[in-house]
Trainee: 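Got a structure here, written out as structure tokens. Questions coming.
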Amino acid sequence: MNIRCLHLDMKSLFPEADYLLSLLKRFADMGYTHILLEFEDKFPFEAYPYSTHPAAYSKQQFQAVAEQCRKLGLGVIPLLQCAGHLDYFLRHEKYRKWSENGNVYQWCLSDPETWEVWQNMLHEILAIFPDCEYFHIGADELQLNSPCARCAEKNPFRVYLDRVRQCTDLLLAKGKKVLVWDDMFRNHNTPETRELLSKVIPCVWQYRQVDESIVQRYSAEGVSYWAASRIQTNARYLGMGKQRPMQQNVDDWAEIQQKYPAAGHIGTLWGRIQSLYPINTTLPQAMYMAGYLAETLKHGKIRDRKQFNQAFAETFFGLPGLDLDTIVYGFSNEPELVKCNLEPWLGKALRNNDILEIWYAFNEIDLLYDYIDLCFSSNDAMLMQYRNGNVTSAILNNWKDGVKLVQERTEALSTKLDQMLGKYYPLNQLVEFKNSRFLSMLENNARWGEILQDACRKTHL
Ligand SMILES: [Zn+2]
């Protein structure tokens, strides 16, 4: 495997620029050769200032990222979507005129102005990363079923292909190799897509079960492909997330790549499903899986996870006594167990103590939700009795306390998260992250407060 790449999705709760520089060093040490940088609204486009997020990096900070990567021998692959996944941009009133039939997810590909816009954005990105060998143009998950009148007149898929070809040709002329996510190509196997596949490198993303037939086809047609696995959980909007399905995905890919060797592999770290979705997770959380994937890409499928965990605890943290078996299994399954096993080691790691701190902080969210689940599910089950007055006042008071406690614990954790994570993340992003985790839960909790208040007015056993 020549290319071992990590996808860094900036639309997540993304680290401060200085902290990212130190993370990059660790990725390089693990054996990664490239990073795929998905900017979204974190790139300060001078031509389109309204799309810039308050936590965006400055151009100087991106230059520092470029410089650090150069020093570390890490190639930077910029990612600029050419067709869809543009909600971060088109949702702004100023730019909505370019959306496709009112759909801010993608822009109109018949509109020559969107081609101009894309080139302007490309120009600004390449000014920071002029020596990149690869450039990723996304091109995935287009919605072709509701075209505008102009696109409907032609064949919408052909309009899409024309634009992808246009972007590709421009980049090829600049001496870049062009990457695309492959789903549109895998779903439209035509002479035209096959012709285009000879110019681009399809990145086959398969995050659950790996469908072997896709790579089998590429392999049979002599198309050089990159594989893409998922090393960031997105199942629940809570804390650390389950590691097992990601380990499985990486293991499955290792077996497929043995049969159909890929020219590169991208470990994807999706920060959100789309720009308008809640923030999933974040980069340092994925450090364990980044290590797991790096090891797999170097030596093939990990046969003994226990052994890998032992080695990771020792080499990455300098803590041979750290029980990673229990911790990794416990993430999002048994947060209490994780807490017991992590706490004694905080501040004691010889290396990468920050990662332990961050894991600990996110596990605290899982722990809070464990308590909330207990309260809410019991409340749900007891609702009939509350209404009928068939509970003892002791039980009723107990649940009233629960409602109060949830409120208090959430407030306390919110302050704690600012302290624990504020060193690593921009505060305005942290606010958004906490809101997406806590707001609706707190509203739900407040409603329970009212229900129980009401129940108390009845005579109970
Ligand atoms: Zn259109």
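Here the structure is a predicted model, which means the values were calculated and not measured. Atoms within a ligand are numbered from 1 in the order they appear, just like the ligands themselves.
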Trainee: Counting no waters, what protein N/O/S atoms lie under 2.8 Å from the Zn ion (ligand 1)?
Mentor: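 Near the Zn ion (ligand 1), the protein supplies Glu100 OE1, Cys108 SG, Cys148 SG, Cys151 SG.
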Trainee: Between Asp251 and Arg305, does any side-chain N to carboxylate O distance fall below 4.0 Å?
Mentor: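 Looking at Arg305 together with Asp251, the answer is yes, because their closest N to O distance falls below 4.0 Å.
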Trainee: Would you say Arg208 and Asn249 are linked by a side-chain donor-acceptor pair, where the criterion is simply a distance under 3.5 Å?
Mentor: no
Trainee: Taking the six-membered ring of Trp205 (Phe, Tyr or Trp), confirm whether the NZ or CZ of Arg186 is under 6.0 Å from its centre and within 45° of its axis.
Mentor: yes
Trainee: If we ignore angles and hydrogens, is there a donor and acceptor under 3.5 Å between the side chains of His85 and Gln274?
Mentor: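 Side-chain D/A pair, His85 to Gln274: absent.
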Trainee: Is any NZ, NE, NH1 or NH2 atom of the basic residue among Arg217 and Glu221 found under 4.0 Å from an Asp or Glu carboxylate oxygen of the other?
Mentor: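 Salt bridge: yes.
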Trainee: Using the side chain to side chain donor-acceptor pair (under 3.5 Å) criterion, which residues pair with Lys177? Sequence neighbours excluded.
Mentor: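 Expected list: Glu133.
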